[in-house]
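Residues take their numbers from the sequence shown, with the count starting at 1.
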Amino acid sequence: MNAKEIRTIIGIIVMVVKCSLWVLYGLPLVQNDSILVTTSNGVGLVIEVIYCEEELERKDITGACLGVEFGLLFFFYAYTFWILENVSARRKIIGVFCIVYTIIMHVLLSLQTKFDGEQSRSCMYIPFWFSIVNFINAGVWIAYSLIYKIDIYVLVINVLGALACASHLIILCWSTVKPCLSLLPKRVVPSPSDPVV
């Protein structure tokens, strides 16, 4: 198994952990009236686990990584529910942990393209429509976190996501327009010494 396959498996497992943490954050024992966070991340968790099962059939390391991951998640879930009796403390610890983990996950997954030899095409790595959809998704979650009651943890992570998508879209548009600008004819300004015909 080469290094690129290992990074792909780790990326999948990291996404499973992220969805699991946000499912925990949305549970009624942690955050009241956040069932939408649990539902949407639960669907993402099921999709990631199915995809992980496909990888598990081909690679032995995936099973070991999943075992470690579920062990750590079980420890975190147990610590959250048995040690922290105050719902407000649960919400703060899990919310901050979810934000920090999601930011680290996105940074590490974006660096994955750099390690795969994609430095020259890193802005082209994510398709334009995918970035548009992510930007709209972040906007919807920002609206969700502001409309009913302000959920600072969902708000912070989605504002950061919207900014990241917007910057990626700007870079992608600029890298698309820049070669077209070089094809335009250059304007030639005659010098005063040249005769006008």
Side-chain angles (χ1 to χ4, degrees), residues 1-23 25-26 36-37 39-52 54-55 62 65 69 94-147 150-189:
M1 186 175 337
N2 63 20
K4 187 173 181 178
E5 290 175 337
I6 292 173
R7 283 194 297 275
T8 301
I9 292 168
I10 290 172
I12 295 167
I13 291 172
V14 164
M15 288 295 292
V16 169
V17 171
K18 181 197 77 101
C19 289
S20 300
L21 290 172
W22 283 103
V23 165
Y25 175 78
L36 186 60
V37 175
T39 305
S40 63
N41 283 291
V43 169
L45 178 64
V46 168
I47 292 170
E48 288 291 334
V49 167
I50 290 170
Y51 187 70
C52 203
E54 302 262 333
E55 291 292 321
T62 309
C65 289
E69 170 206 338
I94 295 171
V96 169
F97 192 78
C98 286
I99 288 174
V100 170
Y101 183 84
T102 305
I103 291 170
I104 291 171
M105 178 203 71
H106 284 296
V107 168
L108 291 178
L109 291 179
S110 67
L111 289 177
Q112 178 179 356
T113 60
K114 190 172 190 177
F115 292 127
D116 288 340
E118 299 282 339
Q119 293 100 334
S120 61
R121 299 182 301 151
S122 61
C123 70
M124 302 293 184
Y125 186 70
I126 299 175
F128 177 77
W129 290 109
F130 186 74
S131 294
I132 289 282
V133 169
N134 278 335
F135 183 73
I136 293 169
N137 180 46
V140 168
W141 279 106
I142 289 170
Y144 166 78
S145 67
L146 292 174
I147 289 175
I150 295 180
D151 189 344
I152 193 71
Y153 304 107
V154 175
L155 178 67
V156 167
I157 199 63
N158 285 292
V159 165
L160 292 174
L163 291 174
C165 287
S167 66
H168 183 263
L169 288 170
I170 291 168
I171 291 170
L172 196 60
C173 289
W174 177 250
S175 65
T176 304
V177 169
K178 191 175 179 183
C180 294
L181 292 177
S182 66
L183 296 176
L184 293 175
K186 299 200 182 332
R187 183 175 165 195
V188 179
V189 178

Could you measure the distance from the CE atom of Met105 to the SG atom of Cys98? Nearest 0.5 Å is fine. 11.0 Å
Apply side chain to side chain contact (heavy atoms under 4.5 Å, CB included) to Leu155 and Trp141, showing your working. CA-CA 7 Å; Leu155 178 67; Trp141 279 106; over 6 Å; no
If I compare all heavy atoms of Gly161 with all of Ala138, which pair ends up nearest, and what's the gap? C-CB, 4.3 Å
Which atom names give the shortest non-hydrogen contact between Gly44 and Cys19, and what distance separates them? C-SG, 3.9 Å
Does any part of the side chain of Asn41, heavy atoms only, come nearer than 4.5 Å to the side chain of Lys18, both counted from C-beta? yes
Between Val159, Ile150, Val37, Asp151, which is the residue that forms a side-chain contact (heavy atoms from CB on, under 4.5 Å) with Ser145? Asp151
Atom CD1 in Ile132, atom NE2 in His168: separation rounded to 0.5 Å? 11.0 Å
Geometric class of the Tyr25/Trp22 ring pair [parallel <30°, tilted 30-60°, perpendicular >60°]: perpendicular
So which atom in Asn134 and which in Cys165 form the shortest heavy-atom distance, rounded to 0.1 Å? CB-SG, 3.4 Å
Roughly how far, to the nearest 0.5 Å, is the OG1 atom of Thr102 from the CG atom of Leu160? 10.0 Å
Indicate yes or no: at least one non-hydrogen side-chain atom of Ile157 is less than 4.5 angstrom from one of Tyr101. no
To the nearest 0.5 Å, atom CG of Leu45 lies from atom OG of Ser40 at 11.0 Å
If only side-chain N and O atoms count, and only distance matters, is there a donor-acceptor pair under 3.5 Å linking Asn158 with Tyr153? no
Can you see which heavy atom on Leu21 is nearest to which on Ile94, and at what distance? O-CG2, 4.3 Å
